[in-house]
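Heads up: the structure comes next, in structure tokens.
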Amino acid sequence: MPNSPSDDARPPGAARRVKVQRRGPMLVEGPVEVELEDGTTVFSDRFQVALCTCRRSRRFPWCDTSHRARTAGPGDGAAGD
Amino acid sequence: MDYDGEGPRLPTARGPLSAAVGAYLLGTGPLPLPEEVAAATAYGDDLQLALYQCYELHYRGFAGVSPALEWDPGLLGTRAALEERFLAALRAGTTVHDSVEEAVGALLVEPVHGEGVSHFLRDEGELWQLREYAAQRSLYHLKEADPHAWVLPRLWGRAKAAMAAVEFDEYGGGRADRVHARLFADLMTDLGLDTTYGAHLDAASAECLVTVNMMSLFGLHRALRGALVGHFAAVEITSSPGSRRLAEAMRRTGAGPAAERFYDEHVEADAVHEQIVRHEVIDGLLEQEPHLAADVAFGVDATGHVEDLFGARLLADWRAGRSSLRVPLPAPLDRDSGISVIS
């Protein structure tokens, strides 16, 4: 909202918020263009993107939840929502 | 009385309850008796289809059925009786963790040797099994995110803003061709399936109906908003790795690019949604309404419970070499001329 007051010490829209956590992806407000090591770029216009920080993602630079701990037990779950 | 001329056709009855509800919807018979509701199996075909028919009036309705019946007091009374049986069975059948942290934490670990449906489909699933899976899941995916949208007016602040943001992503971020239900219809076209809303209701097992009815139950009742949020979190948390396995299954069987895309999109989208639902929706809700913690944990664990039942049913049928469907699928439609109706 153009005229809304903000608690942030930044002018609205001047800085992009990035959320980091020790275990899990880095969350960045989209849209995002990411430059990879080889100079190529990938783009996402999702409202928020999760960037892989564990380097295990098979869809790098996007998080695919590969950072999760593994257990020996069986399991499954729904997919696609 | 006005009635919907278009829309899904009413399903074939599976017993006295679903037959009576179907007849009532057409104005040709009375509602089921309370004794009949009491005598039915909670997770059985008949009760679940009767409930599904009641709920569907809140989504797309049925051809030949008055849309005004959505708020018919008599029908709502029957729905309440069916829901009471269903919710009691869910509570009795679900082992609930002591806290939300434990319930969510249990989903944040991935089994090394998983044995679920997505593992089966990735490793040995055949195209006919992927078609059956998609046909049954279409009951939800063709209205993907709709049952969860009902929770929005029941939330506020951080939880509402975050839930709305995730739903916006589910609905394609403002682009009709990216609505997840649309992407699923495209997947179905790749698999040669009829994409008409409601086309596969007669084929779906009771266990499949249970998974979809649970979402409608939680979504339609403000009293169950905590359970809806817990359920949504469970789906989003488990979706990424499961979707990766299903994307691999689609690639291995050559199902087609749209079939792969649906699950590839969910690997990425749900890795984001998981973070937002855990840290903003759940934490935001519990900050405002800490007394809902037990309901959130119930929603998380009930989702695992009903998904386990559905998965066990699919695998039991497939391992025995049987179809998992109640009526056989027609031969695959041609990819280019397949019916494709999402409005």
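Lettering of chains follows the sequences in order, A, B, ..., and the numbering in each one begins at 1.
Using a 3.5 Å distance cut-off with no hydrogens or angles, the side chains of B/Q275 and A/Q48 do not pair a donor with an acceptor. No side-chain N or O of B/R244 forms a donor-acceptor pair with one of A/T65 less than 3.5 Å apart.
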Next on the checklist: The test is side-chain contact (heavy atoms from CB on, under 4.5 Å); show your working for B/E268 and A/V49 and say whether it passes.
Outcome noted: CA-CA 8 Å; B/E268 280 175 31; A/V49 298; over 6 Å; no
Next on the checklist: With side-chain contact (heavy atoms from CB on, under 4.5 Å) as the criterion, how do B/E248 and A/R58 come out once you've worked through the C-alpha distance, each side chain's angles and the decisive distance to 0.1 Å?
Outcome noted: CA-CA 12 Å; B/E248 287 172 23; A/R58 287 188 231 174; 3.2 Å; yes
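B/E280 contributes atom CD, which lies 4.0 Å from atom NZ of A/K19 (distance to the nearest 0.5 angstrom). Rounding to the nearest 0.5 angstrom, the gap separating the CG atom in B/L108 from the CZ atom in A/R23 is 9.5 Å. Put simply, CG on B/D270 and CG on A/D64 are 12.0 Å apart, with the number rounded to the nearest 0.5 Å. Interatomic distance, CZ of A/F47 versus CD1 of B/I276, reported as 3.5 Å (0.5 Å rounding).
Among B/D169, B/V306, B/L183, B/V267, the residue making the largest number of heavy-atom pairs under 4.5 Å with chain A is B/D169. Per-residue heavy-atom pair counts under 4.5 Å with chain A were compared for B/G304, B/P241, B/G173, and the maximum is reached by B/P241.
Contact check for A/R68 versus B/E274: side-chain heavy atoms found under the 4.5 Å cut-off. Side-chain contact between A/R46 and B/V272: present, with at least one pair of heavy atoms (C-beta onward) separated by less than 4.5 Å.
Shown here is B/R261, whose CZ atom has no more than 12 heavy atoms of other residues, nucleotides or ligands within 6.0 Å.
For a residue to count as touching a neighbouring chain, one of its non-hydrogen atoms must lie under 4.5 Å from one of that chain's; by this rule B/E265 touches chain A with backbone and side chain alike. The contact between B/R175 and chain A is made entirely by side chain atoms (from C-beta outward), counting heavy-atom distances below 4.5 Å.
What you find for B/A271 and A/C63 is that their closest heavy atoms are CB-O, 3.4 Å.
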